[in-house]
Protein chains: 2
Amino acid sequence: MTCLFSDQEKILHLLKGLSNQINPKFERCTGISSSRYELLYHLYQVDEVNQSTLQKAVNIDSAAITRHLKQLEVDGMVVRSKIASDNRVTLVRLTEEGRNRILGYKEEKVRFVNTMLNDFSKEELDMVTTMLNRMQNNISEL
Amino acid sequence: MTCLFSDQEKILHLLKGLSNQINPKFERCTGISSSRYELLYHLYQVDEVNQSTLQKAVNIDSAAITRHLKQLEVDGMVVRSKIASDNRVTLVRLTEEGRNRILGYKEEKVRFVNTMLNDFSKEELDMVTTMLNRMQNNISEL
DNA sequence: CATCAATAGTTGACGTATCAATTGTTGATA
DNA sequence: TATCAACAATTGATACGTCAACTATTGATG
């Protein structure tokens with residue numbers, strides 16, 4: 001089965017395939033979805049934020065943010081509260097429970113990424129990073 | 001807003017963000033989803049295949065394959081037929097219509113990938129390709 | 001001060017991917 | 001030949017992400 005894709009096209013295919021595989025595997029390995037993890041981990045660092053800055057940090061649609069946070073609140077990982085000075089915004093913060101659990105997830109995540117990037121040198125890591133960033137920039141205004 | 005992620009973790013984040021952006025943009029630019037495109041394009045090359053080999057080529061879940069092909073059949077891009085020698089398999093092939101349309105999509109796709117990889121040298125393309133392949137291998141048995 | 005554009009968050013509709021379970025068929029083997 | 005494991009395709013449940021439309025609030029400008 002020959003492949004008539006150009007090099008460029010192959011990269012698109014690879015990218016798609018890789019990230020389709022990552023999500024389920026990440027969750028199986030760590031016990032949490034990668035989006036949820038990023039939300040929690042960001043909260044871990046900043047203590048308290050409103051949703052829209054959280055949205056920018058994690059870079060997924062705000063509709064998805066709302067739904068994730070609602071579920072994380074049900075799960076007791078997160079509390080949401082209104083702020084008096086501006087009734088539009090809702091602040092989000094980790095609960096004690098969430099703060100504790102995130103540490104376990106973090107460990108599993110590190111194990112996961114280390115497996116994935118197991119044989120990568122420091123230089124290679126830098127290279128992929130900048131390349132992925134360049135791709136992102138190149139399509140950012142489409 | 002400082003970022004306490006390790007280099008490895010950033011790559012995961014980038015990968016996710018990139019591929020989340022790619023899918024909607026690809027569809028806006030080309031007029032077809034990237035999965036559908038890959039299915040059609042593969043069919044264009046092989047003339048006729050059964051679904052499971054198509055599934056392996058495109059590398060998405062067989063449930064998704066079934067649904068895509070059903071819709072593509074409704075859209076008149078594809079025909080599915082049974083084979084006498086083995087009643088389990090269904091063969092898929094492009095219609096004339098599909099065969100014509102894929103060419104237009106192909107052009108738009110090439111334009112899209114060229115934009116995304118606009119400033120990449122041949123060496124860089126090779127490098128990303130092998131790196132993405134390595135990552136895929138590294139997580140393949142998780 | 002009234003109006004109106006901008007902002008924060010939410011909801012609904014939709015597309016797509018996964019996994020698990022199911023149906024129907026085939027082929028090997030006891 | 002009857003049984004049973006393997007296989008192809010399908011379906012149902014679930015999760016995630018996007019976009020577009022909507023609500024409520026805020027703040028600036030006439």
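Note that this is a predicted model, so its numbers are computed, not measured. First the proteins, then the strands, lettered A, B, ... as listed; each starts at 1. Hydrogens, waters and symmetry mates are skipped; everything else that's a heavy atom, side chains included, is used.
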> Does A/N114 offer a backbone N or O that forms a donor-acceptor pair with the side chain of A/N118 under 3.5 Å?
Replying inline: no
> Ignoring hydrogens and geometry, is there a side-chain-to-backbone donor-acceptor pair from A/T53 to A/V49 under 3.5 Å?
Replying inline: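 No, because the side chain of A/T53 does not come within donor-acceptor range (under 3.5 Å) of the backbone of A/V49.
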>> Tell me the interatomic distance from B/I65, atom CD1, to D/dA9, atom P, rounded to whole angstroms.
In response: 10 Å
> Whole Å only: how far is the CG atom of B/N50 from the C1' atom of C/dT26?
Replying inline: 14 Å
> Got a donor-acceptor pair under 3.5 Å from the side chain of A/R67 to the base of D/dT18?
Replying inline: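 Looking at the base of D/dT18, it does pair with a donor or acceptor on the side chain of A/R67 (distance under 3.5 Å).
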Check [Y] with [X], please: is the shortest side-chain N to carboxylate O separation under 4.0 Å?
X	Y	result
B/E9	A/K106	yes
A/R134	B/E124	yes
A/R99	A/D47	yes

> Choosing from C/dA8, C/dT25, D/dT10, which nucleotide comes nearest the side chain of B/R80?
Replying inline: D/dT10
> Below 4.0 angstrom from OP1 or OP2 of D/dG17, is there any side-chain N or O of A/H68?
Replying inline: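 Result: yes.
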>> Can you see if the side chain of B/Q51 gets near the phosphate of D/dT10 - specifically, an N or O under 4.0 Å from OP1 or OP2?
In response: yes
>> Taking side chain to side chain donor-acceptor pair (under 3.5 Å) as the definition, give me every residue that meets it alongside B/T90, ordered by chain and number, with sequence neighbours left out.
In response: B/Q51
> Which comes earlier along DNA chain C counting from the 5' end, the contact point of A/A64 or that of B/A64, where each point is its nearest nucleotide?
Replying inline: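 Counting from the 5' end, the first nearest nucleotide belongs to A/A64.
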> So which of residues 16-39 of chain A are in contact with DNA chain C, with a heavy-atom cut-off of under 4.0 Å?
Replying inline: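 Output list: A/K16, A/N20, A/P24, A/R28.
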Nucleotide N/O of nucleotides 2-7 of chain C paired with protein N/O under 3.5 Å:
unit_1 : atom_1 : unit_2 : atom_2 : d
C/dT7  : O2     : A/R88  : NH1    : 3.1

> Of A/D61 and B/D86, whose nearest nucleotide on DNA chain D comes first from the 5' end?
Replying inline: B/D86
>> At 4.0 Å (heavy atoms only), tell me whether A/N87 reaches a base, stays on the sugar-phosphate, or touches nothing.
In response: sugar-phosphate
> Across the strands shown, which category fits B/T90 at heavy-atom distances under 4.0 angstrom: base, sugar-phosphate, nothing?
Replying inline: sugar-phosphate
> Where do A/A64 and A/I60 come nearest, in terms of heavy atoms and distance?
Replying inline: CB-CD1, 4.4 Å
